[in-house]
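Before any comments, here is the structure.
Every number for a ligand or one of its atoms is a count from 1 in the order of the listing. Owing to the predicted nature of the structure, the values given are computational and were not obtained by experimental measurement.
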Amino acid sequence: MAEWVDVIVVGGGQAGLAVSHELGAFGVEHLVLERGRVGQTWRDRWHSFCLVTPNSTVQLPGGAYAGDDPDGYMARDEIVRHLEEYAASFAAPVREGVEVTALGAAAEGGFRLSTSHGELHAGAVVVCTGAYQRPYRSAGATAPPGLLLLDAEGYCNEASLPPGKVLVVGSGQTGCQLAEELRQAGRDVVLACGRAPWAPRRVGGRDIFHWTLDVGLFDETLADLSSPAARLIGNIQATGHGGGHDLHYRVLQQIGVALVGRLLEVEGGRAHFANDLAASVAFGDVRYNDIRRRIVELCARRGVEAPEMPDPPPFDVEAPESIDLSGFGAIIFTSGFRPDYASWIQFDAFDEMGFPIQKDGASTVVAGLHFCGVHFLRTRKSSLLVGVGEDAAIVARRIADGHSRSGRGDGLTVARPSSQRPPERE
Ligand SMILES: Cc1cc2nc3c(=O)[nH]c(=O)nc-3n(C[C@H](O)[C@H](O)[C@H](O)COP(=O)(O)OP(=O)(O)OC[C@H]3O[C@@H](n4cnc5c(N)ncnc54)[C@H](O)[C@@H]3O)c2cc1C
């Protein structure tokens with residue numbers, strides 16, 4: 001007979017651990033299944049990776065950052081250590097090395113999870129498999145023979161790339177950081193740019209992330225966006241490297257990265273780009289001006305003087321629309337992510353973009369199915385270290401309420417089978 005667990009959490013990243021912490025606080029029996037090790041996604045990031053948000057924004061429930069560098073940006077291994085210590089601090093019931101390969105309905109009610117280590121059944125499931133699941137390669141993602149083509153997930157460091165110039169496709173935080181790292185290592189770098197917001201790293205001596213939290217940017221919901229697709233637009237271009245500094249198109253141009261428009265196609269040994277670099281820069285400037293306006297309005301409401309935020313400096317938009325790829329060693333795609341739930345979850349519970357159809361993390365299609373850590377699950381900060389805890393508490397409370405309404409193990413989607421119930425207490 002398959003093992004029964006009242007609640008199974010799939011994924012042992014920050015979202016899965018935060019949900020586990022909160023379920024534990026409500027006394028709900030549960031298990032976290034993690035295909036790799038705790039914090040596996042962070043472990044898999046490139047060698048020099050560090051946070052873009054300051055350390056003080058690590059606000060996991062019972063696991064807030066308490067170190068001596070709240071304004072710094074933890075490096076990859078420090079983030080992993082933080083998550084490991086967090087899991088240990090409340091003895092999170094994590095089974096590492098267990099991949100859930102399919103999630104469907106069990107014949108007797110509840111959920112059936114096929115895993116790399118056998119089958120489990122559960123009364124409720126919380127899917128925490130990551131905000132950024134499947135790397136998305138934009139159109140034209142082919143390469144002439146001999147040229148290495150990889151996603152950011154496959155990039156370790158500059159030395160691991162073949163010699164030659166590098167084309168980076170996608171200019172969110174990741175693309176800008178890789179372009180800077182490669183340029184500083186002496187590579188000739190071409191960055192195919194898209195639309196992304198930018199802002200100075202610090203405004204009035206304070207990290208931009210704190211300002212954007214204060215003005216409510218991260219409390220915005222999907223309904224506040226111009227369209228559901230707008231949730232795919234990247235976060236503000238910036239970096240935490242070297243203590244944190246500005247990192248946007250103007251900075252990259254200054255250090256010698258060649259900026260071009262969106263990649264259209266690779267054909268006949270040449271890469272072709274749209275004539276839209278000026279439009280992408282203008283898009284970022286509009287976003288910067290919007291953030292600037294919101295900060296000025298906030299300061300006015302608080303009755304304090306607004307910090308200085310200069311106009312965007314001039315930008316040279318001259319860019320080739322086609323380049324010869326001979327002399328290039330690699331093309332790195334950093335053009336975003338798409339959800340990947342439908343490949344293993346056997347319920348028709350996702351919208352046309354592949355995001356869960358849900359309210360406050362609870363599927364509105366399948367009772368007992370929950371999500372946490374999804375980009376814009378509730379707000380813009382749902383997928384971030386600063387916001388995931390708030391959502392985890394809401395998801396856990398809902399499960400705990402269902403759990404306690406009608407006694408142990410039931411009130412989820414299905415009662416624990418009688419053969420697996422512990423004996424009643426006297
Ligand atoms: C490049 C990059 C930089 C970022 N920088 C920041 C930052 O500076 N600050 C910030 O707050 N946020 C940042 N984020 C966003 C976010 O905090 C991270 O993406 C974070 O990893 C999300 O945590 P999570 O727990 O939701 O997902 P993940 O960390 O992706 O955890 C999901 C876990 O689920 C496991 N898993 C997946 N599928 C299965 C399965 N079928 N069975 C079992 N286990 C499974 C994975 O192995 C993984 O460990 C960044 C994101 C990216 C992509």
Side-chain angles (χ1 to χ4, degrees), residues 8-20 31-46 48-60 65 72-76 78-80 82-84 86-87 94-103 113-117 120 125-136 151-153 155 170 172-178 207 209 212-213 218 234-241 244 334-337 339-341 343-345 361 371-375 377 380-389 391-392 395:
I8 290 184
V9 178
V10 186
Q14 71 210 28
L17 294 177
V19 168
S20 175
L31 185 62
V32 181
L33 302 179
E34 164 55 52
R35 68 178 167 200
R37 294 167 64 199
V38 159
Q40 188 61 49
T41 304
W42 297 103
R43 292 176 200 270
D44 291 342
R45 291 193 169 129
W46 65 94
S48 68
F49 178 89
C50 68
L51 285 181
V52 181
T53 59
N55 294 336
S56 57
T57 64
V58 179
Q59 292 293 338
L60 300 174
Y65 178 82
Y73 310 88
M74 276 192 272
R76 181 186 70 167
E78 294 173 284
I79 308 164
V80 171
H82 186 87
L83 290 179
E84 283 177 336
Y86 179 48
V94 185
R95 275 188 207 165
E96 294 186 320
V98 181
E99 176 164 19
V100 180
T101 51
L103 170 64
L113 294 94
S114 307
T115 83
S116 52
H117 285 61
L120 289 106
V125 172
V126 192
V127 178
C128 302
T129 51
Y132 303 98
Q133 301 179 343
R134 181 170 50 85
Y136 171 75
D151 297 303
E153 287 59 47
Y155 173 78
Q173 293 177 346
T174 301
C176 291
Q177 287 174 34
L178 298 195
D207 196 285
F209 196 78
T212 50
L213 279 173
F218 285 93
N235 290 318
I236 293 170
Q237 292 171 331
T239 182
H241 280 280
T334 66
S335 34
F337 298 85
D340 189 32
Y341 300 109
S343 70
W344 61 282
I345 301 182
F371 297 86
C372 196
V374 180
H375 193 37
L377 183 84
R380 193 188 288 276
K381 65 176 185 283
S382 285
S383 55
L384 300 181
L385 289 152
V386 75
V388 70
D391 293 5
V395 167

Below 3.5 Å, N or O to N or O, backbone or side chain included: is there any such pair between [X] and ligand 1?
X: Thr53; value: yes
X: Val100; value: yes
X: Thr174; value: no
X: Ala15; value: yes

Nearest non-hydrogen protein atom, [atom]:
atom: atom 36 (N) of ligand 1; value: Arg35 NE, 3.7 Å
atom: atom 4 (C) of ligand 1; value: Phe49 CZ, 3.9 Å
atom: atom 52 (C) of ligand 1; value: Arg45 NH2, 3.4 Å
atom: atom 15 (C) of ligand 1; value: Tyr132 CE1, 3.6 Å
atom: atom 27 (O) of ligand 1; value: Gly130 CA, 3.1 Å
atom: atom 28 (P) of ligand 1; value: Thr41 OG1, 3.2 Å
atom: atom 12 (N) of ligand 1; value: Leu384 CD2, 3.4 Å

Report yes or no: does a heavy atom of Gln173 sit under 4.0 Å from some atom of ligand 1?
no
Mark the output for Val98 as yes if a heavy-atom distance to ligand 1 is under 4.0 Å, and as no if none is.
yes
So between Lys381, Gln40, Glu34, Gln14, whose heavy atom ends up nearest atom 33 (C) of ligand 1?
Glu34
For atom 14 (N) of ligand 1, which candidate among Tyr73, Trp46, Trp42 provides the closest heavy atom?
Trp42
Of the side chain and backbone of [X], name the one, both, or neither that has a heavy atom under 4.0 Å from an atom of ligand 1.
X: Thr101; answer: neither
X: Cys128; answer: backbone
X: Ser383; answer: backbone

side-chain contact (heavy atoms from CB on, under 4.5 Å) assessment of Leu384 paired with Thr57:
CA-CA 9 Å; Leu384 300 181; Thr57 64; over 6 Å; no
Show, in sequence, the C-alpha distance, side-chain angles and deciding distance for Leu120 and Leu33, and conclude whether the side-chain contact (heavy atoms from CB on, under 4.5 Å) test is met.
CA-CA 11 Å; Leu120 289 106; Leu33 302 179; 4.2 Å; yes
In Å, rounded to the nearest 0.5 Å, how long is the span from CZ of Arg76 to CG of Leu51?
13.0 Å
Residue pair [X] / [Y]: nearest heavy atoms and the distance that separates them:
X: Leu83; Y: Leu17; answer: O-CD1, 3.8 Å
X: Ser116; Y: Gly97; answer: OG-O, 3.7 Å
X: Pro135; Y: Asp151; answer: CB-CG, 3.8 Å
X: Phe209; Y: Thr53; answer: CE1-CG2, 3.4 Å
X: Gln173; Y: Asn235; answer: NE2-CB, 3.5 Å

Using atom types as modelled and distance alone, determine if a side-chain donor or acceptor of Gln40 lies under 3.5 Å from a backbone N or O of Arg37.
yes
Give the numbers and elements of all ligand 1 atoms closer than 4.0 Å to a heavy atom of [X].
X: Gly13; answer: 25 (O), 31 (O), 33 (C)
X: Val52; answer: 7 (C), 8 (O)
X: Leu33; answer: 43 (C), 44 (N)
X: Leu51; answer: 7 (C), 8 (O), 9 (N)
X: Val10; answer: 40 (C), 42 (N), 43 (C)

Quick one: list whatever passes side chain to side chain donor-acceptor pair (under 3.5 Å) with Arg43, sequence neighbours left out.
Glu84
Mind checking whether His241 and Gln177 have side chains closer than 4.5 Å, heavy atoms only?
yes
For the side-chain contact (heavy atoms from CB on, under 4.5 Å) test, which of Phe337, Trp46, Tyr132 pairs with Glu153?
Phe337
Could you verify whether a donor N or O on one side chain and an acceptor N or O on the other, from Asp340 and Ser343, lie under 3.5 Å apart?
yes
